[in-house]
Enquirer: 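Below: one structure in structure tokens.
Since the structure is predicted, the reported quantities are computational estimates derived from the model, not experimental observations.
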Amino acid sequence: MIHANARAVFGPEGPFKRTAIERRELEPHDVLIEIKYAGICHSDIHTARGEWGPVNYPLVPGHEIAGIVTEVGSEVTTYAVGDRVGVGCMVDSCRTCDPCRKGEEQYCLHGMTGTYGAIDKYGQYTQGGYSTHIVVTEDFVVRIPDGIELDAAAPLLCAGITTYSPLRRWGASPGKKVAVVGLGGLGHMAVKIAHAMGAEVTVLSQSLKKKEDGARLGADHYYATNDPETFKKLAGSFDLIVNTVSAKIDVDAYLSLLALDGTLVNVGAPADPLSVNVFSLVGRRRSFAGSMIGGIRETQEMLNFCAEHGIAAEIEVISANRIDEAWERVLASDVRYRFVIDISTMSDE
């Protein structure tokens, strides 16, 4: 087995502790990655604290992984030692069902294998990127273009693809009016990507405190949702709204902002259910949809797009000893806009 140093939580309240985990020996199509950086996603917190279901502790979170290939299996053809690579939210799927064959492995009918907190085909619980090494089959590894620094690339493996996929799917493009709800880890990527796609971009945030950031990131307009006049002024305005927040919202209020045939896509995943009045949909032939990350092919497409357009995450790099502090700051919305762990600090006291 391959030994890796890691940080894990041993219960829903934390804190993080040092631990050692074992990665499997390389099979013919496996890639060994020395992890350089791992992004912190709100999903890590939801999962580790048991808000999305039972957890098998200890748990090593992390599904925004950027690193370097250090060894490959005997039949690997896609990657070589020294390649800059990434791993996102999944590390395997059945490969045979209809979604998998279409390159939509995230919607695998048998359930994709999550990068952490899942049971893999070997019957082992997966452990994620808050660690020094990971072994992944080559089909679930993506190449990080040279134009993107590894630390800023890490959040693209979740925040980037989570927003790119619905923007591409629902046609963000010149002439389209796109609104982004929330300017956080997901939202700031949605603004950058929608702007690069040529759409007219509006940020809908609770207040105006990040308005200057919004403009810098590519937003054409910025409105505060705590102002009731916002919903009156913008009624029927948007072709697409991407909701990135992981908290309950008034879905009907946001649906009222859609134009005829407009779509509200939820990519944030709150712990509590959302409700919708069907008349908010039928009155203007509106749609309420959901989207979850993207397939491996689309994730590579997203990385290439970001490299072409000079897009990367806005990050604050921290040491491994500051993960607990970073999580609390994520919950307090005190980060602009994504924490990234420097894995080289994993052995620091």
Side-chain angles (χ1 to χ4, degrees), residues 42 155 159-270 274 276 280-281 283-291 302 305-306 309-314 333 336-338:
H42 207 144
I161 187 57
T162 296
T163 51
Y164 179 91
S165 187
L167 288 168
R168 182 63 80 201
R169 169 68 177 81
W170 277 276
S173 58
K176 297 290 186 179
K177 293 184 176 181
V178 174
V180 177
V181 182
L183 192 65
L186 290 173
H188 92 286
M189 291 306 310
V191 170
K192 286 189 173 191
I193 293 169
H195 174 74
M197 289 178 172
E200 181 180 333
V201 184
T202 297
V203 173
L204 302 174
S205 186
Q206 286 185 312
S207 71
L208 298 178
K209 66 181 182 180
K210 297 180 182 177
K211 185 175 181 179
E212 290 185 3
D213 276 7
R216 176 176 59 83
L217 296 169
D220 300 285
H221 314 285
Y222 200 109
Y223 291 91
T225 56
N226 61 10
D227 181 356
E229 291 301 312
T230 291
F231 289 90
K232 296 178 183 178
K233 182 175 182 178
L234 299 179
S237 294
F238 301 108
D239 301 295
L240 174 64
I241 300 175
V242 179
N243 174 30
T244 71
V245 302
S246 294
K248 290 191 72 172
I249 64 166
D250 184 344
V251 174
D252 297 316
Y254 286 93
L255 287 170
S256 75
L257 304 181
L258 291 171
L260 177 67
D261 290 328
T263 302
L264 168 61
V265 183
N266 217 75
V267 298
L274 299 174
V276 58
S280 299
L281 299 173
R284 291 291 185 275
R285 203 163 63 200
R286 298 163 172 144
S287 299
F288 182 35
S291 181
M302 175 274 304
F305 177 90
C306 287
H309 292 273
I311 296 172
E314 307 274 315
S333 298
R336 295 193 179 182
Y337 282 90
R338 207 70 162 182

Enquirer: For K233, give me all partners under side-chain contact (heavy atoms from CB on, under 4.5 Å), at least two apart in sequence or on another chain.
Expert: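 By the side-chain contact (heavy atoms from CB on, under 4.5 Å) rule, K233 matches Y223.
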
Enquirer: What pairs of residues pass the salt bridge (Lys or Arg N to Asp or Glu O under 4.0 Å) test when at least one of them lies in residues 199-209, not counting sequence neighbours?
Expert: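 Checked against salt bridge (Lys or Arg N to Asp or Glu O under 4.0 Å) - neighbours excluded - no pair reaches residues 199-209.
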
Enquirer: Any donor and acceptor pair, going by atom type alone, linking the side chain of R284 with main-chain N or O of L260 inside 3.5 Å?
Expert: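 No.
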
Enquirer: Do any pairs count as a salt bridge (Lys or Arg N to Asp or Glu O under 4.0 Å) and have a residue in residues 182-192, sequence neighbours left out, and if so which ones?
Expert: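 Every salt bridge (Lys or Arg N to Asp or Glu O under 4.0 Å) pair that includes a residue of residues 182-192, provided the two are not neighbours, is K192-E314.
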
Enquirer: Can you tell if the side chain of S291 reaches within under 4.5 Å of the side chain of V267, non-hydrogen atoms only?
Expert: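 Yes, close enough: below the 4.5 Å cut-off.
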
Enquirer: Tell me, which pairs form a side chain to side chain donor-acceptor pair (under 3.5 Å) where one or both residues lie in residues 167-189, sequence neighbours left out?
Expert: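 Sorted pair list: Y164-R168.
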
Enquirer: Using side chain to side chain contact (heavy atoms under 4.5 Å, CB included), reason through Y337 and M189 one step at a time and then give a plain yes or no.
Expert: CA-CA 9 Å; Y337 282 90; M189 291 306 310; over 6 Å; no

Enquirer: Does T163 use its side chain to pair, donor to acceptor, with the backbone of A159 at less than 3.5 Å?
Expert: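 Judged by distance alone, yes, a pair lies under 3.5 Å.
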
Enquirer: Can you sort out the partners of T225 under side-chain contact (heavy atoms from CB on, under 4.5 Å), two or more places apart, ordered by chain and number?
Expert: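 Checked T225 against side-chain contact (heavy atoms from CB on, under 4.5 Å); matches are L204, Q206, F231, Y254.
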
Enquirer: Suppose we screen for salt bridge (Lys or Arg N to Asp or Glu O under 4.0 Å). Which residues come up paired with R336, at least two apart in sequence or across chains?
Expert: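 If we apply the salt bridge (Lys or Arg N to Asp or Glu O under 4.0 Å) test to R336, skipping adjacent residues, the hits are D213.
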
Enquirer: To the nearest 0.5 Å, how far apart are NZ in K211 and OG in S205?
Expert: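 K211 atom NZ to S205 atom OG measures 12.0 Å (nearest 0.5 Å).
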
Enquirer: Could you go through N243 and V265, starting from their C-alpha distance and side-chain angles, then the distance that decides it, and tell me whether this counts as side chain to side chain contact (heavy atoms under 4.5 Å, CB included)?
Expert: CA-CA 6 Å; N243 174 30; V265 183; over 6 Å; no

Enquirer: Can you list every salt bridge (Lys or Arg N to Asp or Glu O under 4.0 Å) pair that touches residues 223-232, not counting sequence neighbours?
Expert: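 Salt bridge (Lys or Arg N to Asp or Glu O under 4.0 Å) check on residues 223-232 returns E229-K232.
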
Enquirer: I'd like to know if the side chain of R338 reaches the main chain of P155, judged simply by a donor and an acceptor atom lying under 3.5 Å from each other, with no hydrogens or angles considered.
Expert: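 Such a contact is absent between R338 side chain and P155 backbone.
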
Enquirer: Under the rule for ring pair (Phe, Tyr, Trp, His ring centres under 6.0 Å), what residues qualify as partners of H309, not counting sequence neighbours?
Expert: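 Partners of H309 by the ring pair (Phe, Tyr, Trp, His ring centres under 6.0 Å) criterion, ordered by chain and then number, come out as F305.
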
Enquirer: Evaluate side chain to side chain contact (heavy atoms under 4.5 Å, CB included) for L183 paired with Y222, printing each intermediate quantity in order.
Expert: CA-CA 10 Å; L183 192 65; Y222 200 109; 4.0 Å; yes

Enquirer: Taking all non-hydrogen atoms of both residues into account, name the closest pair between V245 and G182 and its distance.
Expert: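 Scanning both residues completely, I find the closest heavy atoms to be CG1-CA, 3.8 Å.
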
Enquirer: Can you name the residues that form a ring pair (Phe, Tyr, Trp, His ring centres under 6.0 Å) with H195, not counting sequence neighbours?
Expert: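 H195 satisfies ring pair (Phe, Tyr, Trp, His ring centres under 6.0 Å) with no residue once adjacent residues are dropped.
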
Enquirer: Which pairs count as salt bridge (Lys or Arg N to Asp or Glu O under 4.0 Å) when at least one residue sits in residues 243-252, sequence neighbours excluded?
Expert: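 Residue pairs passing salt bridge (Lys or Arg N to Asp or Glu O under 4.0 Å), neighbours aside: none found.
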
Enquirer: Identify, with sequence neighbours excluded, every residue that meets side-chain contact (heavy atoms from CB on, under 4.5 Å) alongside A219.
Expert: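 Partners of A219 by the side-chain contact (heavy atoms from CB on, under 4.5 Å) criterion, ordered by chain and then number, come out as V191, V203.
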
Enquirer: Apply side-chain contact (heavy atoms from CB on, under 4.5 Å) to N226 and list each qualifying residue two or more places apart in sequence or on a separate chain.
Expert: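 With sequence neighbours excluded, N226 shows a side-chain contact (heavy atoms from CB on, under 4.5 Å) to S207, A224, given in chain and number order.
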
Enquirer: Search all heavy atoms of V201 against all heavy atoms of V180 and return the closest pair with its distance.
Expert: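 Closest heavy-atom pair between V201 and V180: CG1-CG2, 4.4 Å.
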
Enquirer: Check whether any side-chain heavy atom of S287 lies under 4.5 Å from a side-chain heavy atom of L281, and answer yes or no.
Expert: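 Contact flag for S287/L281 side chains = no.
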
Enquirer: Could you measure the distance from the OG1 atom of T202 to the CZ atom of F238? Nearest 0.5 Å is fine.
Expert: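 Here the interatomic distance stands at 4.0 Å.
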
Enquirer: Quickly, which of D239, I241, D220, L167 forms a side-chain contact (heavy atoms from CB on, under 4.5 Å) with V178? Name it, please.
Expert: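 That would be L167; it is the only one of D239, I241, D220, L167 passing the side-chain contact (heavy atoms from CB on, under 4.5 Å) with V178.
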
Enquirer: Is it the case that the side chain of T244 and the backbone of V181 share a donor-acceptor pair, with hydrogens and angles ignored and the cut-off at 3.5 Å?
Expert: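 Yes: the side chain of T244 pairs with the backbone of V181.
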
